[in-house]
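What follows is a set of notes on a single structure, which appears directly below.
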Amino acid sequence: MPELPEVEIITRGLRKRIIGRKIESVDIRLKKIFHGLPKIIEGTTIKSVERRAKMIVISFDNNHSLLVHLKMTGQLVFDESKGDKTHRTAGGHPSDDWVADLPNKFTHVIFHFSDGAVLYFNDQRQFGYIKLLPSDDVEKVKSILELGPEPFSDELTPEYLMSIFAKRPRIKIKQMLLDQRIMSGVGNIYADESLFCAEISPLRLAKDVQRTEIMKLIGCVKVSLEKGLKYGGSSENTFVNAEGKKGQMQNHFSVYRRTGEPCQKCKGRIVRVVVGGRGTHYCPACQL
DNA sequence: TGCCCCCTGCAG
DNA sequence: CTGCAGGGGGCA
């Protein structure tokens, strides 16, 4: 799935397009994806679209909300011009920059708006979900309740991280970045990119990372995430924004999926190892 | 804390 | 064919 930058890009795109629109009906094609009774939001109007960690919260004017998690391959694509599909196939290059003609075999939920516009939830691997809840209950969902601070919040301080590390003497620094209960929003791509920026090996035990390095790492996390936002997210795999368009961040990785390629700093080679079960890319010469 | 699992598709 | 993929929940 999309990580913080990708989810934020989708959230911004949706916010511009679906706020104020009224839901006419919800077409659920794969039942396990949608939790709750879709009837509850039929006829209601969208009030807000917010991101929390890697999740999206869409709220309606009847005090209900959708909690959407895209996991690895989920997409939320808005189409205003339903019924006029010509723009998707014009020129005979439908999937070069756009997702393939929608709905497709991975479209599991379709929201129909009263003005004819449509919002598609697509997910190749079917790991994602949509939960319909009373708005007051969103903050009580376990996966939200337990989230650590957002990377751009003031709560993310070296003191905070060092207090966590002291309690978890065996956790590696990369696993710390990926653990949503410690800090929320960073995933595998931006964890690797942030550690390269900070010149810290992903294999280091978190408790052994010095305070000055942790400060540098916090700065690098922010820089890496901002870079992802600047390039509109990374579409190494299936990511597209709310318009169905790809991002460009995949063309600007320093280490992620660059195994065997030269390091930007030292001309050494990028190496791939496994940390916490996740593919991990780093420069052994620069990152100590 | 570390594995397995949920799925499908793609590169090697 | 095998291994791998942007996530994370559940289990021992």
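Keep in mind the model is a prediction, meaning the values are calculated, not measured. Chain A is the first sequence line, chain B the second, and so forth, proteins listed ahead of strands; every chain is numbered from 1.
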Original post:
Tell me: NZ of A/K207 to C1' of B/dT1, nearest whole Å?
Top reply: 16 Å
Original post:
So, do A/I200 and A/Q287 sit near enough that their side-chain heavy atoms are less than 4.5 Å apart?
Top reply: no
Subject >> Protein-nucleotide distance (A/R278, atom CZ; C/dG8, atom C1'), rounded to Å >> reply: 9 Å
**OP:** Give one of base, sugar-phosphate or nothing for A/K172, where a contact means two heavy atoms less than 4.0 Å apart.
**Re:** nothing
Original post:
A/H108 NE2 to B/dC7 C1': how many Å, rounded?
Top reply: 9 Å
Subject >> Nearest-angstrom distance, P atom, B/dC7 to C/dG10 >> reply: 15 Å
Original post:
Mapping A/Y129 and A/Q124 onto DNA chain C by nearest heavy atom, which one lands closer to the 5' end?
Top reply: A/Q124
Original post:
Regarding A/K131 and the six-membered ring of A/Y129, is the cationic atom NZ or CZ under 6.0 Å from the ring centre and inside 45° of its axis?
Top reply: yes
**OP:** Check every atom of C/dA5, B/dG2, B/dT8 against the side chain of A/R170 and return the nucleotide holding the closest atom.
**Re:** B/dG2
**OP:** Rounded off to whole Å, could you give me the CG-to-C1' distance for the A/D179 and B/dT1 pair?
**Re:** 11 Å
Original post:
Can you tell which of A/I130, A/N122, A/L76 makes a side chain to side chain contact (heavy atoms under 4.5 Å, CB included) with A/L70?
Top reply: A/L76
Original post:
Mapping A/M55 and A/V274 onto DNA chain C by nearest heavy atom, which one lands closer to the 5' end?
Top reply: A/V274
Subject >> Donor/acceptor link under 3.5 angstrom from A/R257 side chain onto base of C/dA5 >> reply: no
Original post:
Across the strands shown, which category fits A/I171 at heavy-atom distances under 4.0 angstrom: base, sugar-phosphate, nothing?
Top reply: sugar-phosphate
Subject >> N or O in side chain of A/H69 less than 4.0 angstrom from C/dG7 OP1/OP2 >> reply: no
Subject >> Integer-rounded Å distance: C/dG7 P and A/E6 CD >> reply: 9 Å
Original post:
Heavy atoms under 4.0 Å, any strand shown: does A/S234 hit a base, just sugar-phosphate, or nothing?
Top reply: base
**OP:** In whole angstrom, give the distance that lies between atom CG of A/N104 and atom C1' of B/dT8.
**Re:** 13 Å
**OP:** For C/dG3 and B/dC4, measure between their P atoms and round to the nearest Å.
**Re:** 13 Å
Original post:
Any chance NZ of A/K16 has more than 12 other-residue heavy atoms, nucleotides or ligands included, within less than 6.0 Å?
Top reply: no
Subject >> Pair assignment for B/dC7, Watson-Crick or G-U wobble, requiring both distances under 3.5 Å >> reply: none
**OP:** Indicate, with a heavy-atom threshold strictly under 4.0 Å, whether A/Q126 touches base, sugar-phosphate, or nothing.
**Re:** sugar-phosphate
Original post:
When all nucleic acid strands are considered with a 4.0 Å heavy-atom cut-off, which category describes A/Y190: base, sugar-phosphate, or nothing?
Top reply: nothing
Subject >> Between C/dG8 (P) and A/R52 (CZ): distance, integer Å >> reply: 13 Å
**OP:** Using whole Å, report how far CZ of A/R181 lies from P of C/dG7.
**Re:** 15 Å
Original post:
Has A/K265 got its NZ or CZ under 6.0 Å from the middle of the six-membered ring of A/F196, at an angle within 45 degrees of the ring axis?
Top reply: yes
Original post:
Is there a stack between A/F127 and C/dG7, judged by ring centres under 5.5 Å and planes under 30°?
Top reply: yes
**OP:** Could you check whether A/G279 gets within reach of a base, just the sugar-phosphate, or nothing at all, counting any heavy atom under 4.0 Å?
**Re:** sugar-phosphate
Original post:
OP1 or OP2 of B/dC7 less than 4.0 angstrom from a side-chain nitrogen or oxygen of A/K32, does that happen here?
Top reply: yes
Original post:
Would you say a side-chain N or O of A/R125 is under 4.0 Å from OP1 or OP2 of B/dC6?
Top reply: no
Original post:
Step by step, would you call A/D123 with A/F106 a side-chain contact (heavy atoms from CB on, under 4.5 Å)?
Top reply: CA-CA 5 Å; A/D123 190 354; A/F106 303 121; 6.0 Å; no
Subject >> Sugar-phosphate only, base, or nothing, as touched by A/R272 at under 4.0 Å among non-hydrogen atoms >> reply: sugar-phosphate
